[in-house]
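In what follows, a structure is listed as structure tokens, so that the remarks can point back to it.
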Number of protein chains: 2
Amino acid sequence: MARRRQAVTIKHVAADAGVSLQTVSRVINNEPNVRPEMKERVQASIDRLGYVPSIAAQRMSGSRSYLILALNDREKTVAEWRSRSGTDWVDQMLLGGMLTCAEHGYRMMVELVDTHNDHVERELSATIAALQPDGVILTPPHSENRLITDLLASKNIPFARIGSLEPGPGIRLTMDDDHSAVMATERLIELGHKRIGLIAGPKDYSLSGWRIDGWMRAMQAAGFNTDGLCARGDFGFDSGIAAARTLLSQKDRPTAIIASNDQMALATLDVARELDLAVPDKLSLISFDNTPIVRFTNPPLTAVDQPIAATISHAVELLINKSRKAIPADPINIQGVLVERASTAPAPKANGG
Amino acid sequence: MARRRQAVTIKHVAADAGVSLQTVSRVINNEPNVRPEMKERVQASIDRLGYVPSIAAQRMSGSRSYLILALNDREKTVAEWRSRSGTDWVDQMLLGGMLTCAEHGYRMMVELVDTHNDHVERELSATIAALQPDGVILTPPHSENRLITDLLASKNIPFARIGSLEPGPGIRLTMDDDHSAVMATERLIELGHKRIGLIAGPKDYSLSGWRIDGWMRAMQAAGFNTDGLCARGDFGFDSGIAAARTLLSQKDRPTAIIASNDQMALATLDVARELDLAVPDKLSLISFDNTPIVRFTNPPLTAVDQPIAATISHAVELLINKSRKAIPADPINIQGVLVERASTAPAPKANGG
DNA sequence: CTGAAAGCGCTAACAG
DNA sequence: CTGTTAGCGCTTTCAG
């Protein structure tokens, strides 16, 4: 294949405009110290020649790479893609991330990294050496992986930690899971439910704990007991089956359940059917995530929408600006909303179905 | 922000191994003319120092960028993401594309481009100048946009056209839509259906036509009439409603319908409910795409699975090898499979329901 | 088979 | 405010 070289370079523009390379460079980078008329002349040449700076060359000479890297857990992501589970986490990341990047002349690139791998550091170092991103977005469980955060910090690369409140370097953003759990719980209480169960997520996700906290606080504020009403899952369907069975096979079983993600809510739906518990008449169900599939289940699920796109978009903005401005020290919380569908209803009158 | 420079460069490796830069470069690129023992010594230094070549520098000096660009239609993609419609086309592209790229040390980057825009050329030129990809993957409707294919051809950038059989430059790959349509039609014929309707896709997608062809051939082979059994949609839900109504409001209405994508199948399901036509007892339904949501509809839909991941993966392989080997002149067809679920059943005995 | 020299396109640092 | 001078890290010549 013929060697492809830049068609029109800064040299051509400089020659065309009759100025030095440096002046052109200044115009490209919107730097001060260029007379308006100069700037205009250069810009005209740029437009006429259709010049676009080579990112490779810019990166080479120590400037920005205009690249934001979004790191996702390889195993989990690939498994979800393969099973076509309907999780649109990556799509929402792209929606928020790509578009916001584009507004600033940046690009977003998705990378998959194994968290549970002793090579994380080597793997990530290699990616960074090869790509030289200007910023990195860490999603759970990477957000709290010290190996990763320390590496990034030591290399002086700005990064955002989604879904983490742990102190340490990096910009912290959450989707306010605590508040979301409170919101879901309070809505159920409003509907007259007293025994509200929670299927929590795995412990290695901080947000699992925050959701428990929110649920528990709302329950206690209403004066309700929470004993035996919290079961753990791992965000997988099978774990949801087990957790739902645990909760629903009790004598004084819950009349409502909040599942920490859609897959576990789906599982709960199956268990309810198995136990002949009509949803929502006998059992109300609220899910987290609000992925596309929950509109098609039977009944469609009431769910807490996770503002993934908005959160990633915000992270990108901060990362890009960070080179210029200060780092926000406090975590940023982006709140989700509760989308009501047909899986929630007033609590059944008697509990002895 | 401090200027980040490559931590360990080819120089360090050369010094460490006691050889020239050039030799290291040869080892990195797996070039001939290096004595095995030399190669080994250099490789040892590379491993010890954890050296990874800077892609920017490689690209700069006229080598590859190790980047494959996947171009999707902006408007459609963003709309699908925003509406959270459950289409996992992009995810499947990433699944096939990213993983295969990774195997070869490449990366895949998704870009959104407006087809229906007079700036396509400028927009795309800019992207190419900035990114310098080693290959481009075009998805419909870009695959048949002459502005785009000509531009790529003129810049001498290898590219793949997914879902296009039109002659011209670029590697052509399809998911064998004709065969898929035949498969779906024959299955319905096997089930005793004689009046099988088709909701076709829009004309600006070649594959819409191929699906019509396959359906028509299968129908004719069985000796069935196709008059009034084909309605057009635009892949959108609303257009599916209209098309389904057209087909189902006839006197001698079809007992089975094949919809050219999931959204239109969903619409057909709604229309059937509206007309009190039980699926699959009164009406069988087969969909194209097999996106995650069709497992959750009521009933779950029988669907033709589109091997997106496999197709993109194949495209990537060809693109990467193209720099070395020959271009496949003939189109490559990757066949999908029919996934049977609960929306298909034997044709009803009498048609006067 | 190996090495030295000459850039790739751009920006930083320093002069004017 | 503008231009000049050095590189960035790597690969391509072209000599040994």
Side-chain angles (χ1 to χ4, degrees), chain A residues 1-42 46 49-66 105 126 128-132 134 323, chain B residues 1-42 46 49-66 105 126 128-132 134 323:
Chain A
M1 204 183 59
R3 190 155 115 214
R4 264 178 292 108
R5 274 209 161 19
Q6 199 79 346
V8 25
T9 74
I10 198 171
K11 273 189 191 165
H12 301 130
V13 178
D16 186 88
V19 297
S20 73
L21 301 186
Q22 196 41 37
T23 302
V24 179
S25 173
R26 283 183 183 117
V27 173
I28 297 166
N29 295 294
N30 212 5
E31 276 169 21
N33 298 343
V34 183
R35 243 183 315 156
E37 52 187 273
M38 262 293 61
K39 186 167 177 172
E40 210 171 305
R41 181 143 60 100
V42 172
I46 290 176
L49 271 43
Y51 166 74
V52 178
S54 150
I55 291 184
Q58 292 188 127
R59 169 73 273 180
M60 273 294 299
S61 34
S63 164
R64 282 161 292 174
S65 63
Y66 295 97
I128 288 170
L131 257 27
Q132 314 252 69
D134 289 338
S323 357
Chain B
M1 206 183 57
R3 190 153 115 215
R4 265 178 290 107
R5 271 207 166 16
Q6 200 79 344
V8 24
T9 74
I10 198 170
K11 275 189 190 164
H12 300 130
V13 178
D16 185 87
V19 297
S20 73
L21 301 186
Q22 196 37 39
T23 303
V24 179
S25 173
R26 284 185 182 113
V27 173
I28 297 166
N29 296 294
N30 212 5
E31 277 169 21
N33 297 343
V34 183
R35 243 181 315 156
E37 52 188 275
M38 262 292 62
K39 186 166 177 171
E40 211 171 304
R41 181 143 59 99
V42 172
I46 289 176
L49 271 45
Y51 166 73
V52 178
S54 150
I55 291 183
Q58 293 189 128
R59 169 73 272 180
M60 272 293 300
S61 32
S63 164
R64 283 161 291 174
S65 62
Y66 296 97
I128 288 170
L131 257 27
Q132 315 252 71
D134 289 338
S323 358

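The basis for the numbers below is simple: all heavy atoms, side chains too, and nothing from hydrogens, waters or symmetry mates. Bear in mind that the values here come from a model prediction, so they are computed numbers and not experimental data.
- Distance A:L21 CG to D:dG7 P: 17 Å, rounded to the nearest Å.
- What you find for A:V8 and A:L49 is that their closest heavy atoms are CG1-O, 3.6 Å.
- Whole-Å rounding puts the B:K11 NZ to D:dC8 C1' distance at 9 Å.
- Heavy atoms only, all atoms of each residue included: B:R41 and B:G18 are closest at NH1-O, 4.2 Å.
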Output side-chain donor-acceptor pairs under 3.5 Å for residues 21-33 of chain A, partner residues at least two apart or in another chain, one line each.
from: A:T23; atom 1: OG1; to: A:S20; atom 2: OG; distance (Å): 3.2
from: A:N29; atom 1: ND2; to: A:S25; atom 2: O; distance (Å): 2.9
from: A:N30; atom 1: OD1; to: A:K39; atom 2: NZ; distance (Å): 3.0

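- Atom C1' of nucleotide D:dC10 and atom CD of B:Q132 are separated by 15 Å, given to the nearest angstrom.
- Look at B:Q58 and you won't find any side-chain N or O under 4.0 angstrom from OP1 or OP2 of D:dC10.
- Within the 4.0 Å cut-off from OP1 or OP2 of C:dT11, at least one side-chain nitrogen or oxygen of A:S25 is found.
- Protein atom CD1 of B:I55 is 15 Å distant from nucleotide atom C1' of D:dT11, rounded to whole Å.
- Considering only the side chain of B:R26, C:dG3 comes nearest among C:dG9, C:dG3, C:dC1.
- Summarising the geometry, the separation between CG on A:N33 and P on C:dT11 is reported as 16 Å, rounded to the nearest angstrom.
- Contacts of B:V24 with the nucleic acid, taken as non-hydrogen atoms under 4.0 Å apart, are absent.
- OP1 or OP2 of C:dG3 sits under 4.0 Å from a side-chain N or O of B:T23.
- Phosphate contact (OP1/OP2 of D:dT11, side-chain N/O of B:N29, threshold under 4.0 Å): present.
- Among the protein residues, A:P53 comes within range of the sugar-phosphate backbone only, with heavy atoms under 4.0 Å from sugar or phosphate atoms but none that close to a base.
- Listed pair A:R35 / D:dT2 meets the phosphate criterion, a side-chain N or O lying under 4.0 Å from OP1 or OP2.
- Between A:S20 and the phosphate of D:dG3, there is a side-chain N or O to OP1/OP2 separation shorter than 4.0 Å.
- Taking the side chain of B:T9 as heavy atoms from C-beta on, and the options C:dG9, D:dC10, C:dA13, the nearest nucleotide is D:dC10.
- Rounded to 10°, the helix from C:dC1-D:dG16 to C:dG16-D:dC1 has 30° between the axis fitted to its first five pairs and the one fitted to its last five.
- Spacing between atom CD of A:E31 and atom P of D:dG3 amounts to 14 Å, rounded to whole angstrom units.
- Between A:Y66 and C:dC10 there is no side-chain polar atom (N or O) within less than 4.0 angstrom of OP1 or OP2.
- Atom CD in B:Q22 sits roughly 8 Å away from atom P in D:dT12 (whole-Å rounding).
- One interatomic measurement links the two molecules: CE of A:M60 to P of D:dC10, which rounds to 8 Å at whole-angstrom precision.
- Considering only side-chain atoms of B:S61, the nucleotide from C:dG9, C:dG7, C:dT2 that sits closest is C:dG7.
- Among the nucleotides D:dT4, C:dG9, D:dC10, the one closest to any side-chain atom of B:I10 is D:dC10.
- Closest approach of A:M60 and B:M60 over heavy atoms only: CG-CG, 3.3 Å.
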